[in-house]
Amino acid sequence: LLKKHQVVIVKADTGSGKSTQVPKFLLESGLAAGGRIGVTEPRRLAAMSIADRLREELKDENLVSTRIRFLEEGPKDAPIKVMTDGILLQEFRRDRLFKMYSAIMVDEAHERSLNIDILLGIFKGVLKERPEFRLVIASATLDAKLFEKFYENSAVLEAEGRMYPVQIIFADPQENSSKSKGDSGLVEEARDAILALEEERKDHLLCFLPTERDIQDLSAELIQKLDDKKFDVLSLFGRMSPREQKKVFQNSGKTRIVLATNIAETSLTIPGIAYVVDTGMARVSRYNPQTRIQGLPVEKI
């Protein structure tokens, strides 16, 4: 498809491997001969974990470099460069046609952040000026037809992920109606669900919470209630340092309970998770054109 089309839109399920495999295909196709292959991720943690995975699979540390705010890893001339979309936007100020790159993959395009939307508009001009340039747009839940209409000479590629049997259990609203509503109720309900699941069969668990404050409150409660010799309670949110974020991937021999914002839903795959507790709330980036303010209200999913 890349030989025939300038733009390929990859629509594939979460966990199908698009973030780690497509950059390897671009490298194997020989595109790196004309310039570097850029891969953008909306979050710093995703950029780091995907770069680490690529180094591991390619068995060569020199083929991949990572660039996020305040951190640069790998050789400057590595054929694959994994970065956040904000970094690529900064580079545009110096290099209006992205001359350094022969191909760019915009991953997690469904996040539709201001950075991603601006980049998608910029690429329209770059594609006209540079017929040899290739753009791959990858996403789990993308309106592929919309992007196909936006870009001339584009093709859509759909790939399936592996589906595992999932049992969904809804918490009983009757049980919780007596509890105080609001955020405090949310943390209590999540705590009760986690403790009930871990009593049944100890296994790695991921819990989605809307805010950093909720994560800290629940973490404190779980540390009191659970045996620290058997359980590791780990937090995961965007503002943490890269070193702290990487702890969720490390195997300590204990059962991991990861308390995360929706960073763990859209940007990375945490291996070995058997249970997911979802509070059904998340912070969503909303831009209000009347006030020209971008906010992060907590909303029902």
Side-chain angles (χ1 to χ4, degrees), residues 14-15 43-46 49 111 140-141 164-286 295-301:
T14 303
R43 299 177 194 264
R44 292 178 302 167
L45 177 60
S49 61
E111 293 256 323
T141 55
Y164 294 96
V166 176
Q167 183 191 3
I168 299 176
I169 302 162
F170 289 96
D172 184 3
Q174 250 53 51
E175 261 178 54
N176 302 323
S177 59
S178 59
K179 291 185 186 169
S180 62
K181 281 282 163 253
D183 289 355
S184 56
L186 190 87
V187 170
E188 285 163 17
E189 286 167 30
R191 179 200 63 202
D192 295 346
I194 291 168
L195 295 174
L197 283 167
E198 292 300 353
E199 266 171 36
E200 198 179 299
R201 182 171 70 95
K202 279 188 188 61
D203 216 330
H204 303 306
L205 180 146
L206 169 63
C207 176
F208 286 117
L209 293 150
T211 68
E212 211 177 295
R213 171 82 189 272
D214 294 329
I215 289 174
Q216 285 162 352
D217 290 351
L218 183 54
S219 178
E221 288 199 25
L222 289 175
I223 287 166
Q224 282 179 343
K225 295 234 186 299
L226 294 168
D227 181 354
D228 63 353
K229 291 188 183 76
K230 293 178 186 163
F231 291 96
D232 258 343
V233 179
L234 303 164
S235 302
L236 181 63
F237 46 86
R239 237 164 43 93
M240 292 165 77
S241 74
R243 206 173 81 233
E244 286 175 313
Q245 287 179 336
K246 278 187 172 176
K247 283 182 187 167
V248 298
F249 301 109
Q250 288 158 7
N251 188 2
S252 63
K254 298 180 196 175
T255 302
R256 277 173 301 163
I257 294 177
V258 181
L259 309 178
T261 55
N262 59 353
I263 183 173
E265 171 203 10
T266 53
S267 301
L268 64 140
T269 303
I270 302 170
I273 297 291
Y275 297 128
V276 175
V277 173
D278 196 342
T279 57
M281 306 287 275
R283 273 201 186 284
V284 183
S285 177
R286 290 267 179 253
L296 280 168
V298 172
E299 294 181 7
K300 280 186 179 178
I301 298 164

Q.
Could you measure the distance from the CD atom of E199 to the CD1 atom of I194? Nearest 0.5 Å is fine.
A. 12.5 Å

Q: Decide yes or no on side chain to side chain contact (heavy atoms under 4.5 Å, CB included) for V166 and V276, but give the supporting numbers first.
A: CA-CA 10 Å; V166 176; V276 175; over 6 Å; no

Q: Heavy atoms only: give me the nearest S235-I215 pair and the separation to one decimal.
A: OG-CG2, 3.4 Å

Q.
For residues 272-286, which residue pairs pass the salt bridge (charged side-chain N to carboxylate O under 4.0 Å, His left out) check, not counting sequence neighbours?
A. R286-E299

Q) Shortest non-hydrogen contact from Y275 to E200? A) OH-OE2, 4.4 Å

(Q) A quick test of your reading: do over 12 heavy atoms of other residues, nucleotides or ligands sit less than 6.0 Å from CD of Q250? (A) yes

Q.
Determine whether L209 and D217 satisfy the following criterion, side chain to side chain contact (heavy atoms under 4.5 Å, CB included), listing intermediate values before the conclusion.
A. CA-CA 11 Å; L209 293 150; D217 290 351; over 6 Å; no

Q. What distance do Q216 atom CD and L259 atom CG have between them, rounded to the nearest 0.5 Å?
A. 10.5 Å

Q: Would you list the pairs meeting salt bridge (charged side-chain N to carboxylate O under 4.0 Å, His left out) in which at least one residue belongs to residues 225-235, sequence neighbours left out?
A: D232-K254

Q | Exercise: identify the closest heavy-atom pair between V248 and I270 | A | O-CG2, 4.0 Å

Q | Pairwise side-chain contact, I257 with L226, heavy-atom cut-off 4.5 Å (strictly under) | A | yes

Q | side chain to side chain contact (heavy atoms under 4.5 Å, CB included) assessment of D214 paired with T279 | A | CA-CA 11 Å; D214 294 329; T279 57; over 6 Å; no

Q: For Q245 and F237, work out which heavy atoms get closest and say how close.
A: NE2-O, 2.9 Å

Q: Quick one: closest heavy-atom pair of R44 and M240, and the distance?
A: NH2-O, 3.7 Å

Q. Any idea which heavy atoms bring L218 and C207 closest together, and the distance?
A. CD2-SG, 4.2 Å

Q | E221: salt bridge (Lys or Arg N to Asp or Glu O under 4.0 Å) partners, not counting sequence neighbours | A | R191

Q.
Using 0.5 Å steps for rounding, measure from the CG atom of L206 to the CZ atom of F208.
A. 4.5 Å

**Q.** Test item: F231 and L205 side chains (from C-beta on) under 4.5 Å apart, heavy atoms
**A.** no

Q) With distance as the sole test, does T261 use its side chain to make a donor-acceptor pair with the main-chain N or O of T211 at under 3.5 Å? A) no

